[in-house]
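Keep in mind that this is a model prediction, so the values were computed, not measured.
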Amino acid sequence: MHWRGYVSAVLVTQAGFNFWLTLPLAGLFCAGLSVPIGLPILRLRGVYFAMVTLVLTEVARLAALALPVTQGAKGITSIPLPGEVSVLGLTLIPDFATLANPKLAFYLMAVLLMVICFAALWRIVNSRLGHLCRSLQQNEELSASIGVNTAYLRVIAYSISSFFGGIAGAMFVAISQSIYPSSFQVADSVNFMLNCFLGGLGYVFGPMLGTLLLYFGWDLLFATGRYQLLIYSSLLIALMLVLPNGILSLLDRKGGRK
């Protein structure tokens with residue numbers, strides 16, 4: 001999410017763009033950048049792919065420290081709140097700086113974007129592209145043998161996820177009004193992957209469920225004191241052994257029994 005957030009921050013503070021315009025631009029930039037990055041790394045499998053993605057997180061952090069456009073370790077601060085959007089004199093979205101409670105506006109904006117993004121993902125998953133991607137997940141060799149371009153599908157899926165990641169990065173910058181090279185660490189990438197694995201990689205709502213469980217579960221385990229991390233990691237390992245396809249795979253098992 002490094003470059004995803006920086007795209008919006010640079011466009012708003014240095015190019016004078018309206019925040020709302022940077023939302024799709026950040027997504028498109030990340031989707032385009034994911035193609036040359038994805039072509040070589042998507043050939044990897046398993047732990048090797050995970051290792052490369054973690055390395056890319058550190059590469060992004062070091063690049064943000066070195067490039068002048070990101071202002072190095074100082075980061076980009078004092079990012080203005082989202083401005084007004086109006087059409088023919090009619091205000092569709094007010095200037096957040098003029099609102100009495102910008103936090104409520106951010107909450108409503110986040111909920112609306114979440115609904116739109118999940119609706120788009122649901123449509124993609126249930127389209128021909130989604131069915132082809134699921135065939136790769138089940139048996140990639142069989143899919144390739146019947147003429148499915150597996151390399152092309154991997155890059156497309158990577159680009160789509162990067163597009164939504166770009167939107168998420170722009171949202172993060174708008175809410176925090178600042179971004180630094182240290183804003184995202186390797187640990188954040190690990191947590192993002194855990195969220196997806198726990199909820200279920202093959203489900204639209206899997207990452208959301210995994211995020212909720214890990215976020216609130218960690219707080220509930222706080223009462224265990226020094227055993228918090230031990231219990232937390234043991235539960236994660238047990239769940240991944242019992243439910244390797246995520247918690248939502250229980251729905252498939254119940255459906256199969258019927």
Side-chain angles (χ1 to χ4, degrees), residues 1 34 38 41-57 114-165 167-168 186-221 229-258:
M1 202 179 288
S34 68
I41 70 170
L42 290 176
R43 298 176 182 272
L44 302 174
R45 298 290 183 274
V47 66
Y48 300 105
F49 177 75
M51 289 172 61
V52 170
T53 57
L54 295 179
V55 168
L56 286 176
T57 301
M114 180 188 70
V115 171
I116 293 174
C117 289
F118 272 90
L121 287 171
W122 184 270
R123 182 66 189 91
I124 292 172
V125 167
N126 291 281
S127 67
R128 181 174 181 273
L129 176 62
H131 294 311
L132 289 174
C133 289
R134 280 200 294 275
S135 71
L136 257 67
Q137 183 184 20
Q138 295 172 1
N139 193 321
E140 183 174 343
E141 289 76 15
L142 179 59
S143 299
S145 68
I146 61 176
V148 176
N149 191 334
T150 58
Y152 171 78
L153 281 179
R154 284 178 175 274
V155 173
I156 289 295
Y158 193 51
S159 298
I160 292 173
S161 65
S162 297
F163 175 82
F164 287 107
I167 294 177
V186 172
D188 296 309
S189 297
V190 174
N191 289 331
F192 292 152
M193 287 190 288
L194 283 177
N195 295 338
C196 299
F197 291 146
L198 182 60
L201 287 174
Y203 305 89
V204 174
F205 294 100
M208 179 185 288
L209 177 62
T211 300
L212 291 173
L213 289 175
L214 288 177
Y215 182 83
F216 291 106
W218 180 256
D219 289 340
L220 290 174
L221 289 174
L229 188 58
L230 176 62
I231 297 174
Y232 173 76
S233 56
S234 300
L235 287 174
L236 282 180
I237 293 172
L239 282 171
M240 290 182 181
L241 289 174
V242 176
L243 299 171
N245 295 322
I247 293 176
L248 287 181
S249 62
L250 286 171
L251 300 177
D252 291 340
R253 293 186 180 182
K254 290 181 180 180
R257 288 172 185 170
K258 292 178 183 178

From CG (Leu235) to CG (Leu230), nearest 0.5 Å:
9.5 Å
Side chain to side chain, Tyr158 and Ile41, heavy atoms closer than 4.5 Å:
yes
Calculate, to the nearest 0.5 Å, the distance between atoms OG and CG belonging to Ser234 and Leu239 respectively.
11.0 Å
Sorted by chain and residue number, the side chain to side chain contact (heavy atoms under 4.5 Å, CB included) partners of Val55 (sequence neighbours excluded) come out as Val59
So CD1 of Ile231 and CG of Leu220: to nearest 0.5 Å the spacing works out to 11.5 Å
Donor-acceptor pairs under 3.5 angstrom involving side-chain atoms of residues 210-217: please list them, not counting sequence neighbours.
unit_1, atom_1, unit_2, atom_2, d
Thr211, OG1, Asn195, ND2, 3.4
Thr211, OG1, Pro207, O, 2.8

Of all the heavy-atom pairs spanning His131 and Asn126, show the shortest one and how long it is.
NE2-O, 3.7 Å
Can you tell if the side chain of Phe163 reaches within under 4.5 Å of the side chain of Ser34, non-hydrogen atoms only?
no
The reported gap from SG in Cys133 to CZ in Arg128 (rounded to nearest 0.5 angstrom) is 11.0 Å
Closest approach of Leu248 and Phe205, non-hydrogen atoms and distance?
CD1-C, 3.8 Å
Rounded to the nearest 0.5 Å, the CG atom of Leu42 sits from the OG1 atom of Thr150 at a distance of 10.5 Å
Between CD1 of Ile160 and CD1 of Ile124, what distance do you get to the nearest 0.5 Å?
4.5 Å
Which atom names give the shortest non-hydrogen contact between Phe164 and Cys117, and what distance separates them?
CD2-SG, 3.7 Å
